[in-house]
Structures are given as C-alpha cells and as structure tokens.
Amino acid sequence: MHIKGDHTELVVGGRLDVRSAADARTALHLALDSGEGDLVLDLAQLDSWDATGLGVIMGAHRRAGRCGRRLVLRAVPPQMQRLLVATRLHRILTIAS
C-alpha cells in the first residue's frame with residue numbers, strides 16, 4: 001500500500017488491508033489533523049481492501065467529522081463501490097463521481 005499527497009488530497013494505492021491498516025490510519029489522521037475543508041481520497045489506484053481497511057476508512061470518516069472536515073472518496077473502483085452499496089456505507093460516506 002502507498003499513500004501520497006497532502007492534507008487536502010491523498011492518493012491511495014495497492015492493498016488496504018490488515019497489514020497496511022496502521023500506516024494508513026496514521027497517514028489519514030495526520031492529513032485530517034493538519035488541514036481544513038474536505039480531505040479527498042483518490043482510490044483509483046487501490047487494488048483491494050478488506051474489512052480492516054474499510055474500518056480505517058470509516059474511522060477516518062468519523063475523525064473528519066470531529067475535526068469539522070469531510071472525507072470524500074473519489075474514483076472508487078467498481079468492486080469496492082459494490083461492497084459499499086452492499087454494506088449500505090454508500091449512504092454514510094461521501095462519494096464523488
């Protein structure tokens with residue numbers, strides 16, 4: 001997994017899973033705590049995520065709300081979009097087209 005960007009936009013690539021969750025959580029928290037406005041996560045390069053990875057995204061969503069920010073997912077790959085719909089998380093998370 002790799003995350004590149006700053007406190008307004010992060011590009012997430014590779015696998016967001018149990019092995020990469022701690023690093024991803026740290027990067028997301030740092031970006032959320034050090035900026036203002038929306039934090040956009042570009043997921044176009046993300047290969048897959050598991051339940052732990054999805055938990056990291058949900059935790060970042062909650063933290064963003066506490067910081068007065070909004071977490072926005074962009075370019076969500078189709079198989080991950082289907083998972084968000086199946087779990088009804090698409091109703092909670094902000095997903096840009």
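Below, each value reflects all heavy atoms present in this structure, side chains not excepted, and no hydrogens, waters or symmetry copies. As the structure is a computational prediction, the values presented were derived from the model and not from experiment.
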List in chain and number order the residues that pass salt bridge (charged side-chain N to carboxylate O under 4.0 Å, His left out) with R63, two or more places apart in sequence or in another chain; answer none if no residue qualifies.
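Salt bridge (charged side-chain N to carboxylate O under 4.0 Å, His left out) list for R63, sorted by chain: D33.
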Linked, directly or transitively: [X] and [Y] (ILVMFWY side chains, under 4.5 Å):
| X | Y | value |
| --- | --- | --- |
| V76 | L10 | yes |
| V72 | L93 | no |
| V11 | L28 | no |
| V85 | L46 | no |
| L16 | I95 | yes |

Gap between atom [atom2] of [Y] and atom [atom1] of [X] - 0.5 Å precision:
| X | Y | atom1 | atom2 | value |
| --- | --- | --- | --- | --- |
| M80 | L73 | CE | CG | 11.0 Å |
| L84 | Q79 | CG | CD | 10.5 Å |
| L39 | H7 | CG | NE2 | 9.5 Å |
| R62 | I92 | CZ | CD1 | 9.5 Å |

Are the side chain of D38 and the backbone of V40 linked by a donor-acceptor contact shorter than 3.5 Å?
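Not confirmed, D38 side chain does not pair with V40 backbone.
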Is it true that a side-chain atom of R70 and a backbone atom of A64 form a donor plus acceptor pair closer than 3.5 Å?
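Pair absent, no side-chain N/O of R70 close to backbone of A64.
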Can you list, pair by pair, the side-chain donor-acceptor contacts under 3.5 Å of residues 53-60, counting residues two or more places apart and other chains?
none

Sequence neighbours excluded - side chain to side chain donor-acceptor pair (under 3.5 Å) pairs with any residue from residues 48-59:
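The answer is R15-S48.
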Evaluate the side chain to side chain contact (heavy atoms under 4.5 Å, CB included) criterion for residues L43 and R74: first the C-alpha distance (whole Å), next the side-chain angles of each, then the deciding distance (0.1 Å), finally the verdict.
CA-CA 6 Å; L43 303 179; R74 182 174 66 203; over 6 Å; no
